[in-house]
Amino acid sequence: MEFEVGDIVKLKKKHPCGSQEWEILRVGADFRLKCTGCARQIMVPRRLVEKNTRAIRKKQEEKV
């Protein structure tokens with residue numbers, strides 16, 4: 001799977017706030033994710049994100 005900064009990923013389990021969607025803020029060995037429901041940020045190992053991802057929404061490219 002190709003992950004890029006700005007993409008929205010839907011994970012298997014819900015965050016305690018009720019949201020399942022996370023925005024990717026950093027990509028590497030660890031991912032920094034921001035919850036789209038409550039804006040909490042977490043660091044997660046890459047393999048856990050790859051394993052638990054249900055769907056990816058690509059970021060919208062700005063037209064110049």
Fill in the blank from the handout: Rounding to 0.5 Å, atoms CG (Asp30) and CD1 (Ile42) come to a distance of 11.0 Å
Problem - Spacing of Arg26 atom CZ and Gln41 atom CD [to the nearest 0.5 Å] - result: 12.0 Å
Fill in the blank from the handout: Taken in chain and number order and not counting sequence neighbours, the residues that satisfy side-chain hydrogen bond (donor to acceptor under 3.5 Å, both in side chains) with Lys10 are none
Problem - Atom NZ of Lys58: over 12 foreign heavy atoms under 6.0 Å - result: yes
Exercise for the section: Answer yes or no: is there a donor N or O on one side and an acceptor on the other, between the side chain of Arg46 and the main chain of Phe31, under 3.5 Å? Expected result: no
Completion exercise
For Cys35 and His15, the nearest pair of non-hydrogen atoms, with its separation, is SG-ND1, 3.8 Å
Problem - Same apolar cluster: Ile8 and Leu33, side chain cutoff 4.5 Å - result: no
Throw together a table of side-chain donor-acceptor distances under 3.5 angstrom for residues 17-25, partners on residues two or more places apart or in other chains.
from: Ser19; atom 1: OG; to: Glu21; atom 2: N; distance (Å): 3.2
from: Ser19; atom 1: OG; to: Glu21; atom 2: O; distance (Å): 3.4
from: Ser19; atom 1: OG; to: Thr36; atom 2: OG1; distance (Å): 3.2
from: Gln20; atom 1: NE2; to: Leu11; atom 2: O; distance (Å): 3.4
from: Gln20; atom 1: NE2; to: Lys12; atom 2: O; distance (Å): 3.0
from: Glu21; atom 1: OE2; to: Arg57; atom 2: NH1; distance (Å): 3.4

Handout entry: Shortest non-hydrogen contact from Ile56 toward Phe3
Key = CD1-CE2, 3.7 Å
